[in-house]
There are 2 protein chains.
Amino acid sequence: MPKIGTRLRELRRRRNLGVREVALRSGISHSSISLIERDCMSPSIDTLSAILDALGTTLTGFFSDLNSTVPHSPFYEASEWVEIGKAQTISYRMLGMNYPNRQILMLHETYAVGADTGEPFSHSAQEAGTVLHGAVEVTVGDECRVLKTGDGYYFDSRMPHRFRNVANEPSTVLSAVTPPTY
Amino acid sequence: MPKIGTRLRELRRRRNLGVREVALRSGISHSSISLIERDCMSPSIDTLSAILDALGTTLTGFFSDLNSTVPHSPFYEASEWVEIGKAQTISYRMLGMNYPNRQILMLHETYAVGADTGEPFSHSAQEAGTVLHGAVEVTVGDECRVLKTGDGYYFDSRMPHRFRNVANEPSTVLSAVTPPTY
DNA sequence: CCCTCTTGTTCAGTATTCTAACCATGCTTA
DNA sequence: TAAGCATGGTTAGAATACTGAACAAGAGGG
């Protein structure tokens, strides 16, 4: 929830463009541009996309630049892990939920007996982790291996991957993903 | 303008969460979630931000993952450079305007006699370029140097930087910025 | 079979974004 | 000083995002 408007205004000014000029190029009214830049309005994705287009930027580029220098405590207590999956056979609890501009998603994963992430899926990121307790069968691409306490992994998330608890007790894994898109 | 909805639905499903569950956590109504996921609605930044938050992701992370593998021609004719600045003392023309998921902003810059980018500014990216014609004084941080045809530069855009044409004729520069946030 | 709990979708009404026309200010030129 | 034309800001009304309640379909469970 950073000051999108301020950043947009900077981008525009840097190009020596007027509000009306950007309006013309983007197909958005100049009044909207004005309101958005002064954070009086939260634009829809379509609108923002159109404006960025007129400025020669992209949504990806725009948001990759959100380097808020907001100071924040580096410490998190054990109780501050937040469950982001549904309590079921697998639990995903993340660290630093409210840390500004996170680039890493650190997860504490708990797999019930026989739990399985199901069919392999892939997403664009890099992923690393280690088994804290139990035994987990990890499949990455066409490679498969059973990891036990202390064992770890590291792979490009674009490789299809899958986790399965093969211990006769709950297993836990600590992992990290960047960018935080799991 | 990609299928944001589809991606959101994937993220949610991957977490075994229901529409209502995400609604509860994000403070957005479940009906909106449904509409957004089916691309029937273009959510505002605030709304999207809230939803991503409930999924443990960020705007930055979400958009950094937009790896559309849409095929597109790699070739652009000279006439296809698009002016993104206002025709004035400095002209900025970019390459590959409509290339999907651009990660690089390549610019053909033309500086009129005496033209100056003004007070140094900074943004989070990396930047490289070379002088094609004329002579340009480049200031990066507290270092200053006059670059002539064939000379080049490479710096982290977070360093405040400034360009000034010191030739008695127009100067041209070819540069690249990544991510495309200039 | 009915009941209940879950799932996601639909739709009428409300809140917000967005537009178009108007307004205020400052700069340039006459 | 006035006229002209930039700049960005304000505001009533149109368009669209958003909400809450009602609906439909499926999965168990008794």
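Just so it is clear: chains get the letters A, B, ... in the order the sequence lines come, proteins before strands, and each one is counted from 1. These values consider heavy atoms only, across backbone and side chains, with no hydrogens, waters or symmetry-generated copies.
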Report the distance from atom [atom1] of [X] to atom [atom2] of [N], rounded to the nearest whole Å.
X       : N      : atom1 : atom2 : result
B/Asp46 : C/dT17 : CG    : P     : 7 Å
B/Ile51 : D/dC18 : CD1   : C1'   : 11 Å
A/His30 : C/dA24 : NE2   : C1'   : 13 Å
A/Ile45 : C/dT17 : CD1   : P     : 13 Å
B/Met41 : C/dT16 : CE    : C1'   : 11 Å
A/Glu21 : D/dA6  : CD    : P     : 11 Å
A/Asp39 : D/dG9  : CG    : C1'   : 15 Å
A/Arg12 : D/dG8  : CZ    : P     : 5 Å

(request) Tell me which of B/Arg13 and B/Leu35 sits closer to the 5' end of DNA chain C, going by the nucleotide each one is nearest to. (result)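 The residue mapped nearer the 5' terminus is B/Arg13.
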(request) Ignoring hydrogens and angles, state whether a donor on the side chain of A/Thr47 or A/Ser44 is under 3.5 Å from an acceptor on the partner side chain. (result)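 Side chains of A/Thr47 and A/Ser44: pair found under 3.5 Å.
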(message) For the residue pair B/Ser32 / B/Ser29, report whether a side-chain donor-acceptor contact shorter than 3.5 Å exists.
(response)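 The criterion, which ignores hydrogens and geometry beyond distance, is satisfied for B/Ser32 and B/Ser29.
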Nearest listed nucleotide, side chain of [X], among [options]:
X       : options                : result
B/Arg9  : C/dG8, D/dA17, D/dG8   : C/dG8
A/Ile36 : C/dC18, D/dG9, D/dT19  : C/dC18
B/Arg38 : C/dT10, C/dT19, C/dT17 : C/dT10

Presence of [X] side-chain N/O under 4.0 Å of [N] phosphate oxygens OP1/OP2:
X       : N      : value
A/Arg20 : D/dC5  : no
A/Thr47 : C/dC18 : yes
B/Ser34 : C/dG8  : no
A/Ser31 : D/dT11 : no

(request) Pick base, sugar-phosphate or nothing for B/Ile33, based on heavy-atom distances below 4.0 Å to the nucleic acid. (result)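 Nothing, no nucleic acid heavy atom in range.
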(request) Please work out if A/Ser44 contacts a base, only the sugar-phosphate, or nothing of the nucleic acid, heavy-atom cut-off 4.0 Å. (result)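 Counting heavy atoms under 4.0 Å across all strands, the contact made by A/Ser44 is with sugar-phosphate only.
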(request) State, yes or no, whether a side-chain contact exists between A/Thr110 and A/His133 at a heavy-atom distance under 4.5 Å. (result)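 No, side chains not in contact.
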(message) With a 4.5 Å cut-off on side-chain heavy atoms, are A/Arg145 and A/Val138 touching?
(response)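 No. Closest side-chain heavy atoms not under 4.5 Å.
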(message) A cation-pi test, strictly: NZ or CZ of A/Arg164 under 6.0 Å from the centre of the six-membered ring of A/Tyr111 and no more than 45 degrees from its axis. Yes or no?
(response)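 Checked: cation-pi criterion not met.
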(message) Whether the side chain of B/Ser29 and the base of D/dG20 hold a donor-acceptor pair under 3.5 Å is what I'd like checked.
(response)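 Absent.
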(message) If you assign B/Cys40 and A/Glu37 each to the DNA chain D nucleotide with the nearest heavy atom, which residue ends up on the more 5' nucleotide?
(response)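 This one resolves to A/Glu37.
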